[in-house]
Amino acid sequence: MLKIATWNVNSIRVRLPQVLDWLAVAAPDIVALQETKIVNELFPVEEFRQAGYQTICNGQKTYNGVAIISKTPASDVVTDLPTFPDPQKRLLHARYGDIAVVNLYIPNGMAVGSDKYAYKLDWLTQLQQFLYERLGQMRLLVVLGDFNIAPADEDVHDPAAWQGSVLVSPAERAHFFQFIDKGLVDCYRLFKQEVHSFTWWDYRAAGFARNHGLRIDHILASRQLAEHCKICRIDTAPRKLERPSDHAPVIAVFDL
DNA sequence: ATGGTAGTTCAACTA
């Protein structure tokens, strides 16, 4: 069994104790982390090593930053979209045996029509090319992370209120469905799930307490990998702790 | 239509 998870931790410095506690309980094999907000030199590699995990990271000061921690070593590490020079650290690819992992922190986009929204769409366009190439290379591919896209209205607590916003705009959703068209499978939707299942809740206005959230963190798998997916679920337990991340982890289990 | 909170950093930006 191979257990793979994604979690936007919103600062690894603040969340390290929660992540270590969660690893001890959930016992995943591979975890993709986003918004680590730390340069590589300061990433708590030793703390994870003592917990039985190896680290690769692609970080920066203050913003963004991705990392993958794993029980087995990584190979074929890629930290950038080859066709998109970008000072923002948002992508980390590695291979673990036969499986390739693409950890994403897709830009938020701030507001439809803004410069940041244009940057998000450009970034997504270049990502499509990268994923196309990876799918040609690797039979078993998992693409996971904070996509900052809620693919359908069922992934939004109040679709009418979100109409016209980033994370739900038609252009962003079109990119998500381009992933699906490429042969990537949304593992979460392979299984019957509760309605109003979300992975992110705004810190403001008691978003979590009222379940005012979005499903924007995803685990996509190539068809040949998705065939082996036995479980995919959102773990809301860490979101209930004191001083939580605004995102909950998503976990997928494969019988490999 | 605005504001609500959190993290980094210490005024302002991002989410």
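Here is how names work: the chains are called A, B, and so on, in the same order as the sequence lines, proteins then strands, and each is numbered from 1.
Side-chain contact check for A:N58 and A:Y105: no donor-acceptor pair (N or O, by modelled atom type) lies under 3.5 Å.
Backbone-only contact: A:R90 has heavy atoms under 4.0 Å from sugar-phosphate atoms and none from a base. At a threshold of 4.0 angstrom between heavy atoms, the contacts of A:Y105 are confined to the sugar-phosphate backbone, with no base atom among them.
Applying the ring-ring contact (aromatic ring centres under 6.0 Å, His included) test to pairs two or more places apart or on separate chains, none has a residue in residues 221-244 of chain A. The salt bridge (Lys or Arg N to Asp or Glu O under 4.0 Å) analysis of residues 114-123 of chain A, with sequence neighbours excluded, yields the pairs A:K120-A:E172.
Electrostatic pairing of A:E35 and A:K89 does not count as a salt bridge here, judged by no charged N lying under 4.0 Å from a carboxylate O. A:D76 has a carboxylate O that lies under 4.0 Å from a charged side-chain N of A:R134, or vice versa, which qualifies the two as a salt bridge.
The nucleotide whose nearest atom lies closest to any side-chain atom of A:Y203 is, among B:dT14, B:dT8, B:dA6, B:dA6. Which of B:dA6, B:dT8, B:dC13 sits closest to the side chain of A:R13 comes down to B:dT8. The listed nucleotides are B:dA15, B:dG7, B:dT8; the one nearest the side chain of A:K116 is B:dA15. Among the nucleotides B:dA15, B:dC13, B:dT8, the one closest to the side chain of A:T62 is B:dT8.
Taking atom C1' on both B:dC10 and B:dT14, the two are 16 Å apart, rounded to the nearest angstrom. Between the C1' atoms of B:dG3 and B:dA15, the separation comes to 15 Å (whole Å).
For A:N8 and B:dT14, the CG to C1' distance is 12 Å, given to the nearest whole Å. Rounded to an integer number of Å, the gap from A:E242 CD to B:dT5 C1' is 14 Å. To the nearest angstrom, P of B:dG7 lies 14 Å from CD1 of A:I38. Here the C1' atom of nucleotide B:dT14 and the CG atom of A:D202 are 12 Å apart, to the nearest Å. Residue A:L42 contributes atom CG, which lies 12 Å from atom P of B:dT8 at whole-angstrom precision. Nucleotide B:dA6 holds its C1' atom 10 Å from the CD atom of A:E35, rounded to whole Å. Going from atom NZ of A:K89 over to atom C1' of B:dT8 covers 19 Å, rounded to whole Å.
Taking 4.0 angstrom as the limit, A:R243 places a side-chain polar atom (N or O) nearer than this to OP1 or OP2 of B:dG7. The phosphate of B:dT8 (OP1 or OP2) has a side-chain N or O of A:S11 nearer than 4.0 angstrom. For B:dT8, neither phosphate oxygen OP1 nor OP2 lies less than 4.0 angstrom from any side-chain nitrogen or oxygen of A:K61. Remark: A:R204 is not in phosphate contact with B:dA15, judged by side-chain N or O atoms under 4.0 Å from OP1 or OP2.
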All N/O pairs under 3.5 Å across the protein-nucleotides 1-3 of chain B interface:
none

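Applying the salt bridge (charged side-chain N to carboxylate O under 4.0 Å, His left out) criterion to A:E194, with sequence neighbours excluded, gives no partner residue. Listed by chain and number, the residues in a salt bridge (charged side-chain N to carboxylate O under 4.0 Å, His left out) with A:D202 are A:R204 (sequence neighbours excluded). Legend: residues meeting side-chain contact (heavy atoms from CB on, under 4.5 Å) with A:A237, ordered by chain and number and at least two apart, are A:D235.
Residues A:N108 and A:V14 both approach DNA chain B. Their nearest nucleotides, taken by heavy-atom distance, put A:V14 toward the 5′ side. Mapping A:K37 and A:N64 onto DNA chain B via the closest heavy atom, the residue that lands nearer the 5' end is A:K37.
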